[in-house]
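Structure first, then comments.
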Amino acid sequence: MSLFVAEGLVKRFGGLLATDHVDLTVAPGEIHALIGPNGAGKSTLVNLISGLIPADAGRIVLDGVDLTALAPHQRVRHGLARCFQITSVFRNDSVRDNLLLAVQAQAGSSFRCLRRREAETVLMDGALTLADKVGLAEVLDRPAGTLPHGMQKRLDVALALAARPKLLLLDEPMAGMGPEDSLQMVALIDRLRRDAAILLIEHDMDAVFQLADRISVLVYGRVLTSGDAAHVKGHPEVQSVYLGTEGHA
Amino acid sequence: MAQPAFATRFPGAVRRLPWLVLALLAVFPLLAPTLGLEYYVGFVRRVLIVAIAATSLNFILGYGGMAALGHAGFIGVGAYTVVALVEAGVSSAWLAWGGALVFGGLAAALIGAVSLRTRGVYFIMITLAFAQMLYYLAVSLRTYGGDDGYGLYTPLAMGPWLDGAHPDVFYWVVLAIAAGVFALFSRVAHSRYGHALRGIRDNETRMVALGYPVFRLKLAGFVAAGAVAGLAGGLLASHNTFVSPGMMHWTQSALLLVMVILGGLGRRWGAPLGVALWLTLEEALKMHTDYWHWPLGVLLLLVVFHAPQGLAALLERRGDRQGGAA
Amino acid sequence: MSAIPLLSCRGLEAGYGASQVLFGLDFEIRPGEVMALLGRNGMGKSTTIRTIVGGLRPQRGEILFDGRPIQAARADHIARLGVAIVPEGRQCFPNLTVREHLVAFADRRNGVAEPWTLERLYGLFPRLAERADHMGNQLSGGEQQMLAIARALSTNPRLLILDEATEGLAPVIRDEIWRCLALLKAQGQTTLVVDKYVEKLLPLADRNLILERGRIAWQGSSAELDAQREVWHRYLGV
Amino acid sequence: MDAIFVFEQLLNGLGYGLMLFLIAAGLTLVFGIMDTMNLAHGSLYMAGAYVAARVHEASGSFAGAVLAAVLVTVAVAALLELLVVRHLYRRDHLVQVLATFGIILIADDAVKAIWGVAPLMASTPAALAGPVQLFEGLPYPAYRLLLIGAGLLVALGLYLLVNNTRVGMLVRAGASNRQMAEFMGVRVGAVFSFVFALGAGLAALAGALMAPISSVQVGMGEAILIPALVVIVIGGIGSVRGAFVAALLVGLVDTAGRAFLPPALRAVLPPSVAADLGPALAGIAMYVLMAAVLTLKPAGLFPARA
Amino acid sequence: ADIKVGIALDISGPFAALGAEARDGFELAIEKLGGKLGGQPAEFLRTDFGGNPEQANQLVARYLQRDKIDFFTGPIGSNAALAVGPALFAAKVPYLSANPGPSAYAGEKCSPYFFAQYQNDTYDEAAGKVANEKGYKNVVLIAPNYPAGKDHLNGFKRLYKGAVKDEIYTKLGQIDYAAEIAQIRAAKPDAVFFFLPGAMGINFVKQFVGGGLKDIPLIAPGFSADEDVIQAVGEPMIGVLNTAHWTHDLQNPANAEFVSAFRKKYDGRYPSVYAAMAYDTLMAMDAAVRDVGGKVADREAVLKALKSPSFSSVRGEFKYGVNNFPVQNYYLREVGKDADGRITNKLVGTTLEQHQDAYVGACKM
Ligand SMILES: Nc1ncnc2c1ncn2[C@@H]1O[C@H](COP(=O)(O)OP(=O)(O)OP(=O)(O)O)[C@@H](O)[C@H]1O
Ligand SMILES: Nc1ncnc2c1ncn2[C@@H]1O[C@H](COP(=O)(O)OP(=O)(O)OP(=O)(O)O)[C@@H](O)[C@H]1O
Ligand SMILES: [Mg+2]
Ligand SMILES: [Mg+2]
């Protein structure tokens, strides 16, 4: 039984078929990695699933709810949260304010406009819990833009987590990280396994092979093959179009 | 940058300043005759009314990042609502101004529903387009005087306890409304809604991905601002005892924008400060020279280069920033 | 090796506003050399690069390019002397097509024997040829990265600086970049590289510089570094 | 209503559109491509018109007047750039609005002080004063043909400059990411100064050419600014092609609205309603067009930047 | 105390050109009067309305409350006049209009405190009569699309007996008139009557002549063909027929003195009707103050003195109707060249004699 099903997703940019009838499933608790050459359409696929760009065709179902017709923010409400390939946090706000904003989105009633937010302990508690979870409790008062890259990325993940997602979409979470930060991020993602199923896009093969329960390879907008790490590593075409020498590692 | 020396040296004074200002404004009409400043009661009243409109613009622009260049359109809608209601026989100020508020909000809802799909300069221009349509509509509206305008010479009644014809009473009513609007928007700025709005200003895409109904949030702010601007328009109609399409011309929208930026975008005191300074200078310069525009131009350049965060930034404590230029 | 270094930094100090990031860096890059700049996140690698290319004024110290001081020069001037950068975060121009990225700045020869022509660049990254008429912001992350590299090469730089240039690239393309850098090295291209794939970088680099909190903590040849595992562990977190 | 009349009105629409393009051209360059909101563009237009009018009257040479207008305005603009505009490129749009609004206030007072408030005489060069017979039954003002020609030439030149020259690429690069462009060796400051001067030259050209058919007076710049902005916004900011198409579209819609809408309404509505509605609708045609376009395409007809 | 006169200028904004003309008229008069009124020391307070009726009220409030003025005059726009009137009337301050004569003040809303120079429509009525006299059977009318535009066209139609081929209403502030000119060409009228103030008129006439319609006569109320427009349009204006209650070559001693003093002070320029009216307004005040012996506080007396003017007006003989709007002559002028080759209006003849406005009947005063 799949938690998440995407069926026949199609997206065209002018003459370019960026997403070509993609079918994809994610099982509960699974980390499903999506790899593929640059420009294969991985980010596009995430954008289609999260609703940031409208699909030309196809269907998206999460936990039995058809999300296809819903606006992006409604999809979040139904348990579909995401991070961005380029870290996207509120750079001028403190980490605390970033987290509060995310928690508030989940708490709803953002039209509440007379009560001072500082007085809302529910939100504060939520923010602190999140900060603990991703290891940002020490830097709550720093403006997010001044944090080191790895921390910003973790904050980005925390923002997505606030929605208590059933499925978390991570677009290159390891991007721009040194080995140390990468390890931290891998550990974090591994921990998140318990909270949500994850669709992971990543070019860092060490991380992918370490984390993924299943790997799908996207090439020219189409799923080339799908299987566990061993299967993918051994797939000759995947080696030639994507893995190169890393396939032999 | 210029350090807010005054504020850091006297933090207590700064905190009490709003109340002091309010108290001074409240007793001003009583003191004015002894000081020979009766005329300035009317002047301050106008400043207060314009400040109401500017505060609403500051709210959507400074906090929401919506640079609307058609705000005078809502002021006009409010003013013409009062005209239409008076023409239809309404004599209660509360009804007329209430109507201005409602129709200002309605106009904003319609215009916002279309305009808020666009961003940046496109948003600036589409709001301008709608305001210009309203302007030309008013110019050709024969019933309400068209370009000649419409006089509202009988003061509106303010109920059994308030003498609507008394200029000081009207002053206090305006002051109360202005203080209320100001307090309301300041309050909202720190609420959940206010924070959400600022989040949208800073990173709209991320807000969508966090699950915020961004369009509805923006529209709500736009409608609130439109309604308050409509109210200001209604008050302005009563204050001027005259309404003409000129008040909706795009230059009026631009001036309002200029006053808000001058005062300090997204800063609590930005709007009233900007309005007070601009109108005072205009008033003073006009008396002394035919060439009264250029000093204002120089002032704008000075602000751009030496106080880019606006005047309010010079007064506020550093930590009290509520969000910077959008 | 020629006696006069292509780039040398002496007592370089730099930072952002009140916060100082670099504390007196001394190093030089000789012509034809590949220098790797290593260090964990936030140690000042990008800041060093930004200071060299004129994006950040040094607070103290001296930078010489080809013997001439450039620490006070404007960024565009330094670029025209023959310094090209592939910056962190790609920084492709959203409103230029791929082709335009590769021809707009390509008027310099810098005495290079075999200049990078459009064809050669397309040969290096066939993907870019396919996307020639796309705008910079219509590219995938990796395509943007390729474009940034190709754009830097298009100026035929005397000193090529790569800040995390393999970031976000597919493994095959990363391999491609390494091969390309090796090729460039063989042609005598002087290069300063920052990259997180240290194992890939070592065979390429002549010398390595490790930054720790804005100071040079270690420097030496790749062979030396390879031999000193504890240095890896202490400064690179692996 | 016969075919010639319809044709004539179409021609009028195109003519008006090209006139708008002529005015919008400099704005497209500075605002659209350099991403700098210069409200004072109208003031440069005004300066061009005033200088041209004065020089034409004094010297009797129209070509000389146009040339003088361009040169003087470019000189003024260079000074303006040096003192003010240069420091605005990196600031956000609202700050640019504020500062250039300030320039408008100063410029209007300056023009008033130099030339007075009364509108100036700006006559049509004698050779082009009358109409030419395009074909039987259709005289067309010769001077407008000149305007049409100038509009087309400017459109072509601008298109080539922006899209097919390196300067165009460098400008766009500098506008979207100044620091990166500098890292690539572009003297962004110099390129911008050049483009601003070019934009000012185009504004002056438009002012000088428009002077003989419009009123040369203080405030003429502001009146023209809004239609020009409308044009480049409909076209899609940053796109010369867009501005060109939009200018023609606005010209046609506006002219058609004035020429055909009132009679059409009179045919279907009661006369009193039609008399009120027709001109009112025709007056806002341009704005309705813009609102409609932006509703359907929020980034204009030819969005240059996604 | 000094006698205080509040003068509202419009030297910026849409009426700036006309406002500057009026200012020159005021300045000349103040100079001639030696800064006094009726021999009494006087203070002339000037301020700029900027053509903005909303602000007009604010500025008038300052005149009334702070400066406590005894007379008011100045603004160019009808809308400003309508906006400030009630406050002035309530404060019992005589308002001598230096230009607009809105129909409301001539009729229903007439006030003993308001004195006009003409009624807005009377120029057009005169123009209608001119069209009759010239034998034009078919005319096209053109005006901006706002109520005043319609009023002016209605004024024309009041006395015009021929057929109206088309009534064209254009956008306020329009720049391009090609579409309208094509319509006019298609309609082939005997003449075109246009009311297009300021820049609109300048654009229209230039393009009209450039479009090859020079042979179709143009008729206008004097506002659309006064010195400001003539000097801006130049040659193409020649031959435009227009009507006004005054012209600079009107033969009477007061006018001769005014015109020569004006031309002397302002380097040879002919005064426009706005300058003449501004000048005349202060002359009227001067006479009234003299008549009441400087006791301007006695407003009843001042009004009485104003109502029966004892000065020689630059426009010659006139008297006030019950509504304080003048009963006076209206003249036909034609744009031509004077002896020095300067393009200007020239008096052709008297069109309406001792004419009264059409609204006087509605005035209960
Ligand atoms: N807005 C757009 N307009 C046109 N083409 C686009 C647009 N966005 C993406 N593309 C194209 O669609 C293709 C897929 O892009 P996408 O960003 O999904 O790739 P990706 O698999 O995420 O690659 P990477 O690993 O490099 O990030 C690319 O070739 C890209 O050029
Ligand atoms: N624009 C900036 N303003 C203020 N501080 C900055 C800025 N950019 C970087 N820093 C700080 O300077 C220090 C060094 O940053 P730098 O980017 O040079 O590190 P790095 O070695 O390149 O790291 P990474 O591997 O993350 O790219 C960090 O502590 C960082 O937080
Ligand atoms: Mg991607
Ligand atoms: Mg770095």
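Each chain gets a letter, A, B and so on, in the order the sequences are listed, and its residues count up from 1.
- At least one side-chain heavy atom of R91(D) sits less than 4.5 Å from a side-chain heavy atom of P308(B).
- Pairing each heavy atom of W294(B) with each of D109(D), the nearest pair is N-OD2, 2.9 Å.
- Both the backbone and the side chain of A113(D) come within less than 4.5 Å of a heavy atom in chain B.
- The 12-atom threshold is exceeded at CZ of F222(B), counting heavy atoms of other residues, nucleotides or ligands nearer than 6.0 Å.
- Contact annotation for L257(B): only side-chain heavy atoms (C-beta onward) come within less than 4.5 Å of a heavy atom of chain D.
- Neither the backbone nor the side chain of V139(B) comes within less than 4.5 Å of any heavy atom of chain D.
- Contact of V293(D) with chain B is not made at all, since no heavy-atom distance falls under 4.5 Å.
- How far OH of Y287(D) is from CE of M133(B): 9.0 Å, rounded to the nearest 0.5 Å.
- Between V97(D) and I124(B), the closest side-chain pair of non-hydrogen atoms is not below 4.5 Å.
- In this structure, the portion of V114(B) lying under 4.5 Å from any heavy atom of chain D is its side chain and not its backbone.
- Looking at Q96(D) and V304(B), their side chains never come closer than 4.5 Å, going by heavy atoms from C-beta outward.
- Closest approach of L98(D) and L300(B) over heavy atoms only: O-CD1, 3.6 Å.
- Note: H87(D) and F305(B) have perpendicular aromatic rings, judged against thresholds of 30 and 60 degrees for the angle between ring planes.
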Are K112(D) and H293(B) close enough, and set up right, to give a side-chain contact (heavy atoms from CB on, under 4.5 Å), and what steps lead you there?
CA-CA 11 Å; K112(D) 234 192 268 181; H293(B) 291 97; 4.2 Å; yes
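- For chain D, the nearby part of W292(B) is the backbone; its heavy atoms alone come within less than 4.5 Å.
- Contact count versus chain B (heavy atoms, under 4.5 Å) is highest, among G283(D), G300(D), P298(D), for P298(D).
- Residues F31(D) and V121(B) are in side-chain contact: their nearest non-hydrogen atoms beyond the backbone lie under 4.5 Å apart.
- Nearest heavy-atom pair across L105(D) and G297(B) is CD1-N, 3.7 Å.
- The nearest pair of heavy atoms linking E222(D) to W250(B) is O-CZ2, 4.0 Å.
- Between chain B and the options T295(D), V230(D), I226(D), heavy-atom pairs under 4.5 Å are most frequent for I226(D).
- Put simply, the side chain of Y122(B) gets close to the backbone of I237(D): a donor and an acceptor are under 3.5 Å apart.
- Taking the side chain as every heavy atom from C-beta outward, L255(B) and F101(D) approach each other to under 4.5 Å.
- Interface remark: L296(B) contributes backbone and side-chain atoms alike to the contact with chain D (heavy atom separation under 4.5 Å).
- Among the candidates I234(D), I232(D), V233(D), the single residue satisfying the side chain to side chain contact (heavy atoms under 4.5 Å, CB included) test with M125(B) is V233(D).
- For chain D, the nearby part of F130(B) is the side chain; its heavy atoms alone come within less than 4.5 Å.
- Looking at heavy atoms from C-beta onward, I106(D) lies in side-chain contact with L301(B) at the 4.5 angstrom threshold.
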